[in-house]
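Heads up, the thing below is written out as structure tokens.
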Amino acid sequence: MSSTDDAGTARDPDEERIAAWMERVTAWLMQQAGWPPIMGRTMAWLMVSEPPEQTAAQMAEAVRASRASLTTTLRLLTEARMVQVVTRAGERATYYRMADDAWSGVLKRRLESLTSFVDITAEGLRLLPQDEVRATRMREAHRMFTWLDAEAGPLWQRWEAVSAGDGAHGPEDSQHVKDSKGSKDSNKGDGDPL
């Protein structure tokens, strides 16, 4: 027996699987980035929507959200450079699409943000030259952020090579597809909404 939507209409099994996947994306973004559900659902929808460009009305229907809350969400996602605004000559509607580099851009900005903390820990060490106990804690933080700073550049260069199509620096996409039983739960993120 197939399930039905709110209006009692039978839903396509493929649509049901997509809707379930969208909820997994939403839950992951809530846990890892502290996003509200509507942001997660909007990004999930833009990852699978056909056509890729969607109006606010299309998205509101797909994610079952009010236009007002979706407008706020789209503004935030656009400011975060996750979503791009698209216009078409001769049409009054505004379209939105997921930015081609949405995820890599988020990760790059996140890495840059994290690695910038090395300057703050270095300053903290200069403040505590004679206090060995407090300096020990600061030194450990500084060592970790110094390591991250040194690793982030080469890591990003490898990603750019993979992204550009140079398969010598990383596995192909198909090797990353796991069955849900094979994936591990990751630690909860720090609440940074990007």
Side-chain angles (χ1 to χ4, degrees), residues 21-22 24-48 52 72-85 96-180 182-194:
W21 176 83
M22 286 174 58
R24 286 188 66 204
V25 171
T26 300
W28 187 86
L29 288 168
M30 287 171 61
Q31 289 177 333
Q32 300 301 318
W35 284 18
I38 188 172
M39 284 182 75
R41 287 187 186 107
T42 301
M43 280 306 294
W45 175 247
L46 288 174
M47 290 173 72
V48 298
T72 300
T73 296
L74 289 169
R75 181 180 50 77
L76 293 170
L77 289 171
T78 302
E79 288 172 1
R81 296 179 287 203
M82 298 285 292
V83 169
Q84 295 173 329
V85 175
Y96 300 87
R97 67 174 288 132
M98 190 171 91
D100 292 337
D101 65 345
W103 299 110
S104 61
V106 165
L107 183 56
K108 186 172 188 177
R109 289 187 297 277
R110 187 66 171 283
L111 279 173
E112 289 169 350
S113 173
L114 287 170
T115 59
S116 70
F117 198 63
V118 74
D119 297 332
I120 296 170
T121 58
E123 180 183 348
L125 283 172
R126 288 189 298 276
L127 292 173
L128 305 169
Q130 305 301 320
D131 190 335
E132 189 58 35
V133 174
R134 290 192 295 174
T136 299
R137 295 188 306 244
M138 187 70 67
R139 200 172 3 268
E140 181 59 26
H142 186 69
R143 284 179 56 220
M144 197 277 300
F145 283 101
T146 299
W147 170 82
L148 182 60
D149 188 41
E151 294 295 318
L155 175 69
W156 201 253
Q157 288 172 351
R158 288 192 304 274
W159 165 248
E160 287 175 339
V162 169
S163 181
D166 180 1
H169 294 286
E172 295 298 318
D173 290 340
S174 63
Q175 292 176 333
H176 286 287
V177 176
K178 294 181 187 177
D179 129 7
S180 61
S183 63
K184 296 180 181 177
D185 289 338
S186 58
N187 295 328
K188 187 174 179 177
D190 62 6
D192 180 2
L194 299 182

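Positions are given from 1, in the same order as the sequence printed here.
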Nearest 0.5 Å, please: how far is [atom2] in [Y] from [atom1] in [X]?
X	Y	atom1	atom2	result
L74	I38	CG	CD1	8.0 Å
D149	E112	CG	CD	10.5 Å
L46	Q84	CG	CD	11.0 Å
T121	M138	OG1	CE	7.5 Å
T73	R41	OG1	CZ	10.5 Å
L107	L155	CG	CG	7.0 Å

Testing the basics here: between [X] and [Y], what is the closest heavy-atom pair and its distance to 0.1 Å?
X	Y	answer
M30	W35	CG-O, 3.2 Å
V83	Y96	CG1-CB, 3.8 Å
T115	A152	CG2-CB, 3.8 Å
A135	L128	CB-O, 3.7 Å
W21	V48	CZ3-CG1, 3.5 Å

Set of side-chain hydrogen bond (donor to acceptor under 3.5 Å, both in side chains) partners for R139, sequence neighbours left out: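 side-chain hydrogen bond (donor to acceptor under 3.5 Å, both in side chains) list for R139, sorted by chain: E132.
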
With sequence neighbours left out, what residues match T146 under side-chain hydrogen bond (donor to acceptor under 3.5 Å, both in side chains)? H142

Take R143 and E140 through the salt bridge (Lys or Arg N to Asp or Glu O under 4.0 Å) test and state the conclusion after the steps. CA-CA 5 Å; R143 284 179 56 220; E140 181 59 26; 2.9 Å; yes

Is atom CH2 of W147 surrounded by more than 12 heavy atoms (other residues, nucleotides or ligands) closer than 6.0 Å? no

Before you tell me yes or no, could you show the steps for W103 and M43 under side-chain contact (heavy atoms from CB on, under 4.5 Å), namely the whole-Å CA-CA distance, both residues' side-chain angles and the distance that decides it to 0.1 Å? CA-CA 11 Å; W103 299 110; M43 280 306 294; 3.9 Å; yes

Please evaluate residues L29 and M39 with respect to the criterion side-chain contact (heavy atoms from CB on, under 4.5 Å), reporting the C-alpha separation (whole Å), side-chain torsions for both, the decisive distance (0.1 Å), and the verdict. CA-CA 8 Å; L29 288 168; M39 284 182 75; over 6 Å; no

